[in-house]
Amino acid sequence: MATQADPHADAIEEIFTTVAALAPDIRDALPGRRVQNDETNPSGETQLAADAYADELFLDHLGALDSVVEYASEERTKIVPTDGEEETGLSVAIDPLDGSSNLKSNNTMGTIVAVYDAPLPAAGSDLVAAAYVLFGPITTMITADGDGVTEYLVDDGVREVITEDVQLPDDPSVYGFGGRVPDWPDDFTAYTEDIESDDSMKLRYGGAMIGDINQVLIYGGVFAYPALESAPNGKLRLQFEGNPIGFIIESAGGRSSDGTQSLLDVEPNDVHQRVPVYVGNDELIEQLEAALD
Ligand SMILES: O=P(O)(O)OC[C@H]1O[C@](O)(COP(=O)(O)O)[C@@H](O)[C@@H]1O
Ligand SMILES: [Mg+2]
Ligand SMILES: [Mg+2]
């Protein structure tokens, strides 16, 4: 992970500032873009006009930075080389709208950004920073730069610190598990029953990873989009979702796993590869890995 003396500190700051500055444009663009495009994305999912719009916007603005040499997005098949400084440039992988199926029902959505000091597809251990914007009742942004996790209010595209050094609370209280219950492997089902039988824990699942992750960060708990019987690698994508969320949760004192190892240790082989995602308080992920063993 990066440190405060990181040579990429200015570049990371520039990328975060650019992402925050675009948040009002994204929010303003949503009401008119709830319709489906005639396209599917590289993961085979229906694309909304809003997904394509946000992807173009991020490519235009992040791709124009000297600090960015590669741009990849969940919404485009190929990695785009950009005009940044070859020697020092970073690779950015974006989920332009996470949870975009929530747009129809007007529920939470977000944007996720992963900043790698390596060509894509890259390992989580190559991340120097990660962040997400949460389009909830208010717009907030969580950043991790290797020197801690910070929560910001995004007001008119400008970040204002809400909380520095965000840490998962020690007394977890929420859980959210994706995928259809009959599609869960038996060992994961057994784990969920243990969690459900703990009377300090309650179910909260919103269908946008970013919303579900944010409540784990604020309240403590566990989020999973598990390996499924029908999809052993689950649903979420390593470059755009698993790695940046693993980085943020680990930076906040929690733990991430693909079932056996940290998400940050998963070997990358394709920019759109999927990975089972389990993140949360240390002891809950330890319990999970023991259950899946
Ligand atoms: O509809 P499901 O199966 O609960 O899936 C929800 C999951 O899919 C996602 O929406 C996938 O992200 P995208 O919207 O970026 O494709 C996650 O945010 C969320 O955790
Ligand atoms: Mg997503
Ligand atoms: Mg998306």
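Each ligand, and each atom within it, is numbered from 1 in the order the structure gives. On a predicted model such as this, the values are computed, not experimentally measured, just so you know. In this chain, residues are counted from 1 in sequence order.
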Quick look: Asp95 vs ligand 1, heavy-atom contacts under 4.0 Å, and the answer is side chain

Any heavy atom of Tyr205 under 4.0 Å from ligand 1? The part involved is side chain

When distances are taken from atom 14 (O) of ligand 1, the protein heavy atom at minimum range is Gly99 N, 2.8 Å

Quick one, Leu238 and Arg274 - any side-chain contact, counting heavy atoms below 4.5 Å?
no

Heteroatom test (N, O or S) for Leu97 near the Mg ion (ligand 3), limit 2.8 Å
yes

Record the part of Arg237 in heavy-atom contact with ligand 1 below 4.0 Å; permitted values are side chain, backbone, both and neither.
side chain

Looking only at distances, please establish whether an N/O atom of ligand 1 is found under 3.5 Å from an N/O atom of Ala208.
no

Using a 4.0 Å cut-off to any heavy atom of Glu74, which atoms of ligand 1 qualify?
13 (P), 15 (O), 16 (O)

Please round to the nearest 0.5 Å and tell me the distance separating atom OG1 of Thr189 and atom OH of Tyr191.
12.5 Å

Heavy-atom closest pair (Pro276 atom, Pro232 atom, distance to 0.1 Å) is CG-O, 3.7 Å

So, do Asn214 and Leu217 sit near enough that their side-chain heavy atoms are less than 4.5 Å apart?
yes

Which of the N/O/S atoms in Glu74 sits closest to the Mg ion (ligand 3)?
OE1

Within the 4.0 Å heavy-atom shell around Glu45, which atoms of ligand 1 are there?
16 (O)

Which heavy atom of Ser256 sits nearest a heavy atom of Glu250, and at what distance?
OG-OE2, 2.8 Å

Close approach of Glu241 to ligand 1, heavy atoms, under 4.0 angstrom:
yes

Quick one: are Ile26 and Phe135 in side-chain contact, heavy atoms under 4.5 Å?
yes

The Mg ion (ligand 2) -> Asp98, closest N, O or S atom is OD1

Output the distance between atom CD1 (Ile142) and atom CD1 (Ile162), rounded to the nearest 0.5 Å.
7.5 Å

If we only consider heavy atoms of Leu97, is any one of them less than 4.0 Å away from an atom in ligand 1?
yes

Hey, is there an N, O or S on Asp95 sitting under 2.8 Å from the Mg ion (ligand 3)?
yes

Minimum heavy-atom separation for Ala122 to Ala118, with atom names?
CB-CB, 4.0 Å

Glu241 near the Mg ion (ligand 2) via N/O/S, less than 2.8 Å
yes

When distances are taken from atom 5 (O) of ligand 1, the protein heavy atom at minimum range is Lys235 NZ, 2.9 Å

Met209: numbered ligand 1 atoms lying under 4.0 Å from its heavy atoms
17 (C), 18 (O), 19 (C), 20 (O)

Would you please determine whether Gly207 falls within less than 4.0 Å of ligand 1 on a heavy-atom basis?
yes

Closest to atom 3 (O) of ligand 1 among protein heavy atoms sits Tyr225 OH, 2.6 Å

Can you give me the closest heavy-atom contact between Asn243 and Leu127, atom names plus distance?
O-CD1, 3.5 Å

Check: Pro42 and Arg76 side chains under 4.5 Å, non-hydrogen atoms:
no

What do you reckon, does Asp212 have a nitrogen or oxygen under 3.5 Å from a nitrogen or oxygen of ligand 1?
no

Which of the ligand 1 atoms, numbered from 1, are nearer than 4.0 Å to a heavy atom of Ser100
14 (O)

Is Thr111 close to Asp98 at the side-chain level, that is, under 4.5 Å between some pair of heavy atoms?
no

For Ser43, which of Gln273, His272, Arg237, Glu74 qualifies under side-chain hydrogen bond (donor to acceptor under 3.5 Å, both in side chains)?
Arg237

